**Q** 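Okay, handing you the structure first.
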Amino acid sequence: MNSPKKITIAVTGLNATDSPGPGVAVIRALREGFDHIRIIGLSYEALEPGLYLHDLVDKTYQIPYPSAGANTLLERITYIHQQEELGVLIPNFDAELYNFIRISSELLKLGIATFLPTHRQLEDRDKLNLDEFGRKHDLKVPESLVIHKEAGLKKAAEQLDYPIVVKGRYYDAYIAQNEHEASKAFQRLNAKWGLPVIIQKFIKGTEINIAALGDGKGGTISIVPMRKLTITDKGKAWAGITLEDESLLQLARHFSEVTHWRGGFELEVMKDPGGDLYIMEVNPRFPAWIYLTAAAGQNQPAALAKMAMGEEVAPFDTYAVGKMFIRYAWDHVTDVSEFQQISAFGEL
Amino acid sequence: MITMEKLKYERPVIRKMNTGLMNKFGTRTEFEPVKDIDGVPVKSLIRQFGSPLFVLSEKRIRRNYQSAVRAFNTRYPKVQFAWSYKTNYINAVCKVFHQEGSWAEVVSGFEYRKALGNGVPGEHIIFNGPDKKPGDLLLAVENNSLIHIDHFDELFLLLSLCKPLNRKPRVAIRVNMDTGVYPLWDRFGFNYENGQAWTAITRIMESGKLNLVGLHCHIGTFMLSTSAYAVAARKLCDLASRCKEQLQVAVQYLDLGGGFPSTNTLKGSYLPGIDTVPSVDDFAEVITTTILDYGFRPDELPLLILESGRVLIDDAGYLLGTVIANKRLSDGRRATILDFGVNTLFTSFWYEHKISPAQDFTHHTEDMVLYGPLCMNIDVVRENINLPLLEPGDHVVTHKVGAYNMTQWMQFISMRPAVVMIDQGGQPHVIRKAETLDYLQVPESMPDHLK
Amino acid sequence: MKLKPNIATSENGFIFNPATGDSFMANVMASEIVNHLKKEKSIPEIRLLLLEKYDVEQQQLDRDLDDLLQQLKEANLLD
């Protein structure tokens, strides 16, 4: 019998903090999905917890911030590839996707496979374009308006009716009950993130998250819906549970069909009292709770890695309903020399 | 006795390790020394022509122009570029563009006369802008130039000026419009959406005194979206087809203006310009497909005019400079003082200019503020940059400074430096001398009682 | 000019201040000077040693030594 070849997978997003990146969860799922695997962590900062977890991560290299540009990133990955012979690379941050997509064909030439959406797909689901995106693809999204000056606030509020959600260009959102609150939120967001600001209809209902994997041809390989049971003060899931609801699966399938999404994605969905499903946001990558998909029987990170390497992966058809996760905090102990090592040399 | 050769020295520095990234990997692209421009050593340029010094690469200008023209004329049969004088109107620069076949696009009387002086035939000068003096307009009419009318007052002025003349000036109107891009440049030209543009067109036709030959728009500057140009092109096509149907005038050209960005990185933008800025090809694709798909009869397909400036010259310009001093600020940060400031490098107000050392260095780097030499708090070239250790007398190269600096610069505390163009054979030529005290004082005069 | 007691240095140029938990990275020159300070050499002594060993003008070395001491002070490494 041939022993299967060991594969090396590079993963970003090792910041398993109180507002966690998905990297550590992705690695945990990959380790369960492959018997012979070497994991290379890619980190931006010296204190990303994942890079000190040597049971999970074999070796970590620092990579340049996205603002340094795609060329610098490609140079660094090329260097890492020379040391490690990477087979697959899985980026996990929104902010880095643009660059990784840009260099993905160069990476492939080096022999590094990725499984990513296109720039166009990334752009279409951007907050600023979500309204048009919904209209185009017959997906329900909360009605929203993009405004460039505070004067537009009043008109937008009249159209949408209070309460409204005032959202920043990149992050942050406030619920405003009246004109005063809306104007305060506008000013705060403008100061922090600049213009435009997005005004969104407030949808009351139950928040549900769906982790899914699109094959890039309109098909969906895996869908696992989850409801958060409790959240941190930053709104991140602390505990959650898998759900059984055919309409949620249909929504994710419809999304893949119309977008031809390639790679992992998360739909943040609001189910209103009438049962209508609104897509509040589309995250263009795996969520931090992605290990739950593996625990429920659909190992999405492992499936993605296989697809990146060109394997045919059959769509999953069942998952365990009622699987729960409860996130916990754990103080990992290390020595200052490890911190110095990664800080000074960019490798650990 | 053997004398030991001494070891190479480097300024001692320590750096606090924090949760941030080692910049060694962060901005490595900025750490390549740039020791020459088009093969001419930075050191010898500075020795010969002084510091600071603007350097333009003729090779790069021509290459930029040719590839922009190629982007358009491989997609569309009739294309004409007009060099935007305000971007850089040093005569030698303009001449390079005119040699390549570019017309001139000017926005003031003195620019207009500069274009004539550079040998541009009158009918190849496009006269834009809100401030055309009666004398300027008459000159433009005499030379049969293309006058792009900006407002109704100008339209009426032009009508009254050409009453006694036996000539029908060739005109276009500048149209402003909503292309989904903010801010809306509605201070220039006639608005499309509220019908003002159409009113202006009908006024022109009813007068019988003007020859409406084109439609012009210029939707903004440093545009990062190509789709806005599709909207603009479609709206100009709509106007042109309305002219044809309702007024029986076939508009000869559509002028889409300029606004294509260079690959500089705007302040406040997260990703560097070089990765995110659309290429001229991307703009050409949306503009030409919009016009081609609009349904003009093949023999009535309008000439497409582009007034690009920045995208054609920004990356052909460099500003060389010298480190005056290093100091440490009260918070421990390092500050480096250069011999050029915001009065010379005007674009440092809106770009994070890439700056490279011009000599070899070790891998140690420092975070620093780059200050200019002015006694002014606002004289900051880069608020935060990570660079190798620089010593007084070291040289630096600032990249992508060819657009707007050599027109918006000012003498303030220091004079404007020389500008050198390196020709295609690698030979540097002074195309504008460094200013002197005598030059500065030429226009001054002294009242007798102060003599 | 005395370095704080217990400041740990390593061959790689790391400096660790156990009293504050801060780590620093020094280049070769700074590392060498800090090691001299650790051995309680005086600044004039260090100056002579460096002038002998490195290709540097006295004036520049003086200026840079001042700057390094300023950096060490900022870093809370001096007594």
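Here is the naming used below: chain letters follow the sequence lines, and residue numbers restart at 1 for every chain. Just so it is clear, the model here is predicted, and its values are computed rather than measured.
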**Q** Enter the distance from B/I14:CD1 to C/E74:CD here, rounded to the nearest 0.5 Å.
**A** 9.5 Å
**Q** So which of C/V34, C/L50, C/D64, C/V28 has the largest heavy-atom pair count under 4.5 angstrom toward chain B?
**A** C/D64
**Q** Taking all heavy atoms of B/K6 and all of C/L51, pick out the closest pair and write down the distance.
**A** NZ-O, 2.8 Å
**Q** On a heavy-atom basis, which atom in C/A30 and which in B/V13 lie closest, and how many Å separate them?
**A** CB-O, 3.3 Å
**Q** Among pairs that include at least one residue of residues 17-28 of chain C, which meet salt bridge (Lys or Arg N to Asp or Glu O under 4.0 Å), considering only residues two or more places apart or in two chains?
**A** B/K16-C/D22
**Q** With a 3.5 Å cut-off and sequence neighbours excluded, list the donor-acceptor pairs that the side chains of residues 369-381 of chain B form with protein atoms.
**A**
unit_1	atom_1	unit_2	atom_2	d
B/D379	OD1	B/V342	N	2.7
B/D379	OD2	B/L374	N	2.8

**Q** Please classify the contact between B/N326 and chain C as side chain, backbone, both or neither, with a heavy-atom cut-off of under 4.5 Å.
**A** neither
**Q** Kindly compute the distance separating CD (C/E32) from CG (B/L7), expressed to the nearest 0.5 Å.
**A** 8.5 Å
**Q** State which residues pass side chain to side chain donor-acceptor pair (under 3.5 Å) with C/D67; sequence neighbours excluded, sorted by chain then number.
**A** B/R328, B/R334, C/Q71
**Q** Do any of residues 53-63 of chain C have a heavy atom less than 4.5 Å from a heavy atom of chain B, and if so, which, in residue order?
**A** C/K53, C/Y54, C/D55, C/V56, C/Q60, C/L61, C/R63
